[in-house]
Amino acid sequence: MTSSTPRFRFAPSPTGFFHVGGARTALFNWALARQLGGRFVLRIEDTDDARNRPEWTDGIIDALAWLGISSDDPVFEGPYFQSSGTDQHLDAAAKLHAAGHAYYCAMTPDEIAERAASEGGTGYGGWSRDLGLGPGPGRVLRFRVPDGTTVVDDLVRGRVNFDNAVIEDFVLLRGNGSPVFNLANVVDDVTMGITHVVRAEEHLPNTPKQQMLWTALGERPPVWGHVPVLVNEQRKKLSKRRDKVALEQYRSEGFLAEAMVNYLMTLGWSPGDDREILPWAEIESLFHLEDVNLSPAFFDVRKLAAFNGEYIRMMSADAFAEECCRWVPDEWSKDQLAAIAPHIQPRLVTFSDVPALVDFIFSEVVIDEESWNKVMAADYSLALLTATVDAYAALEDWSAEVLKSTLEQVMTTFDLKLGKAQAPVRVAVTGRTVGPPLFESLEVLGVDVSLGRMRAAIERASG
RNA sequence: GCCCCCAUCGUCUAGCGGCCUAGGACAUCACCCUUUCAAGGUGACGGCACGGGUUCGAAUCCCGUUGGGGGUGCCA
């Protein structure tokens with residue numbers, strides 16, 4: 001690798017569904033890697049921990065691919081698995097120990113808590129620093145935090161100072177000898193030649209520790225960039241337990257990847273003008289960490305939905321119809337679906353809503369009682385329906401245009417406006433008071449089915 | 001408790017000392033359009049957390065207060 005090639009990385013741990021916050025972090029790294037002609041390294045941090053499961057790893061890779069981040073692009077590198085780098089982590093630990101940057105400690109958490117309490121402090125006080133202990137069961141390897149101040153230069157937050165005195169001698173190797181996050185993470189970054197670490201702000205407190213590790217390992221620390229976390233309505237960090245954060249769920253509800261990407265990228269960042277809907281290519285060339293906001297941003301599903309609507313309306317008619325097909329039962333007529341598609345495009349929020357919007361075309365009508373009662377309560381409804389059926393039955397041209405003008409003809413004798421006059425027909429044919437434009441629906445439905453339903457309604461109303 | 005970060009409409013943001021009577025978008029409301037519902041159009045509502053400075057001039061710079069967030073693990 002050349003030192004002039006920026007190397008970004010995204011390092012999720014497979015502990016659950018892929019999170020929208022993780023998606024945003026990945027996207028930020030991806031945009032930068034591509035913009036700078038660098039690489040995007042995917043590293044799965046699967047080191048021990050009972051929470052890791054292989055299926056989550058597949059979920060991460062699928063989700064990233066959905067967002068457009070995949071090995072189809074030469075910028076993408078990996079995935080690598082942290083678990084396969086254990087030897088290197090251990091080597092680094094040994095090196096640190098040999099150089100005096102780390103020491104073994106035999107104290108248990110309980111003993112530490114006890115001593116801390118008795119001394120009026122909270123954390124570990126470096127009590128085993130000069131015992132000269134060697135490795136052994138139950139002994140952890142701790143980093144010897146030097147005196148002084150650690151200055152973290154962060155592309156999004158500026159310069160942040162940490163007094164080393166408040167950073168306790170953190171653990172590198174557990175009592176069972178396995179490497180801990182801070183060590184594994186840094187060693188992997190070093191090994192993989194990572195030059196830019198862009199991640200969520202929750203890692204900022206880890207950064208001075210990691211920077212000390214880089215230095216102790218004889219390496220120059222990477223460029224840091226800590227972006228604010230995403231929060232829920234209560235302004236708390238998005239959590240897998242409480243909040244709807246699974247990217248896969250949004251995907252299965254029919255959110256478009258493009259809309260999700262655009263939304264995520266403009267959460268905490270803006271192109272600097274009044275636009276917020278903009279193509280990826282433009283986002284990629286305009287995105288800079290220096291422009292990322294410093295405050296946590298609320299992940300607002302309503303705004304995501306609005307973005308999705310925008311993207312749906314931007315689709316070509318063909319692309320839209322094709323996408324609709326993927327969201328309805330196979331047995332539904334693709335021709336009929338394609339015919340009605342242009343009329344649902346402006347009213348669709350997410351694709352999972354497609355079936356419910358047009359099901360009356362493909363299955364038996366289900367009359368909604370409330371709608372029926374409301375519409376048929378009008379004294380003219382039955383008569384109007386009867387007159388309309390008669391007029392429609394005589395039609396030779398079953399087109400939306402003719403259907404409309406015919407009803408307009410009929411309604412004059414009832415002294416109604418079209419808005420009122422179409423209601424009985426609508427409820428008879430679709431079962432509801434709202435739906436796609438009526439005459440276009442009738443056209444797609446065809447003469448036989450339409451008339452059949454209207455006659456059934458007349459019978460129902462008469463009986 | 002301690003450490004760190006942050007603070008413009010309800011929400012996402014523009015703003016980097018004078019273009020600010022603070023702009024846009026989502027949401028909400030009203031009107032127009034209309035074949036229901038949407039979409040579209042027009043408009044309304046609504047904000048620089050507070051207090052001190054600095055400056056001829058502050059949303060923009062400094063300090064403090066308050067509020068919020070993150071971290072404080074032999075999790076990642």
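Chain letters run A, B, ... following the sequence lines, proteins first and then strands; every chain starts at 1.
- When distances are taken from the side chain of A:V171 to each of B:G70, B:C6, B:C74, the shortest belongs to B:C74.
- When the nucleotides B:G68, B:G71, B:C26 are ranked by their closest atom to the side chain of A:R235, B:G68 comes out on top.
- Counting any heavy atom pair closer than 4.0 Å across all strands shown, A:P228 reaches no nucleic acid atom.
- In this structure, of B:U13, B:G70, B:A76, it is B:U13 that holds the atom nearest to the side chain of A:N293.
- Among the protein residues, A:K404 comes within range of the nucleic acid bases, having at least one heavy atom under 4.0 Å from a base atom.
- When rounded to the nearest whole Å, the span between CG of A:L304 and P of B:C26 equals 14 Å.
- When heavy atoms are screened at a 4.0 angstrom cut-off, A:M107 is found touching base atoms of the nucleic acid.
- The residue A:V140 sits close to a base: some heavy atom pair falls under 4.0 Å.
- When heavy atoms are screened at a 4.0 angstrom cut-off, A:A297 is found touching the sugar-phosphate backbone but no base atom.
- The residue A:H203 sits close to a base: some heavy atom pair falls under 4.0 Å.
- Checked by atom type, the side-chain pair A:H196/A:N29 shows no donor-acceptor distance below 3.5 Å.
- Picking from B:C26, B:G70, B:U36 the nucleotide with the shortest atom distance to the side chain of A:R426 gives B:U36.
- Note on A:N206: a base of the nucleic acid sits closer than 4.0 angstrom, heavy atoms only.
- Comparing B:C74, B:C12, B:C6 by their closest approach to the side chain of A:L294 singles out B:C6.
- Base-pair partner of B:C26: B:G10 (Watson-Crick or G-U wobble, both distances under 3.5 Å).
- Note: CD1 (A:I167) to P (B:U72) measures 13 Å, nearest angstrom.
- Partner assigned to B:U34 is none, using Watson-Crick or G-U wobble distances below 3.5 angstrom.
- Computed from coordinates, the A:K236 NZ to B:G67 P distance equals 13 Å when rounded to whole Å.
- The shortest side-chain heavy-atom distance between A:F143 and A:N182 does not fall under the 4.5 Å cut-off.
- Residue contacts shown for A:N182 are absent, as no nucleic acid heavy atom lies under 4.0 Å away.
- B:A27 and B:U13: their C1' atoms are spaced 15 Å apart (whole Å).
- Using the Watson-Crick or G-U wobble rule with both distances under 3.5 Å, B:C2 pairs with B:G71.
- Counting non-hydrogen atoms under 4.0 angstrom, A:R157 reaches the backbone sugars and phosphates but no base.
- Classified by interplanar angle (parallel below 30°, tilted 30° to 60°, perpendicular above 60°), the ring pair A:Y250/A:F299 is perpendicular.
- Across all strands, A:G309 comes closer than 4.0 Å to no nucleic acid atom at all (heavy-atom distances).
- Across all strands, A:E276 comes closer than 4.0 Å to base atoms (heavy-atom distances).
- Among B:G70, B:A76, B:U36, the nucleotide with an atom closest to any side-chain atom of A:F181 is B:A76.
- With B:C12, B:A76, B:U36 as the candidates, the nucleotide lying closest to the side chain of A:R174 is B:A76.
- Residue A:T430 is classed as having no contact, given no heavy-atom separation below 4.0 Å to the nucleic acid.
- When each of B:G68, B:A76, B:C5 is scored by its nearest atom to the side-chain atoms of A:Q82, the top-ranked nucleotide is B:A76.
- Counting distance only, with no hydrogens placed and no angle test, the side-chain atoms of A:K303 and the base atoms of B:A25 include a donor-acceptor pair under 3.5 Å.
- When distances run from any side-chain atom of A:D274 to the nucleotides B:C26, B:U13, B:G23, the shortest one goes to B:G23.
- At B:G23, none of the side-chain N or O atoms of A:R275 fall inside 4.0 Å of OP1 or OP2 (strictly under the cut-off).
- Here, B:C19 and B:A7 have their C1' atoms 25 Å apart, quoted to the whole Å.
- Using a 4.0 Å heavy-atom cutoff across all strands shown, A:R432 reaches no nucleic acid atom at all.
- Across all strands, A:F170 comes closer than 4.0 Å to no nucleic acid atom at all (heavy-atom distances).
- Of all nucleotides listed (B:C12, B:G70, B:A14), B:A14 comes nearest to the side chain of A:S270.
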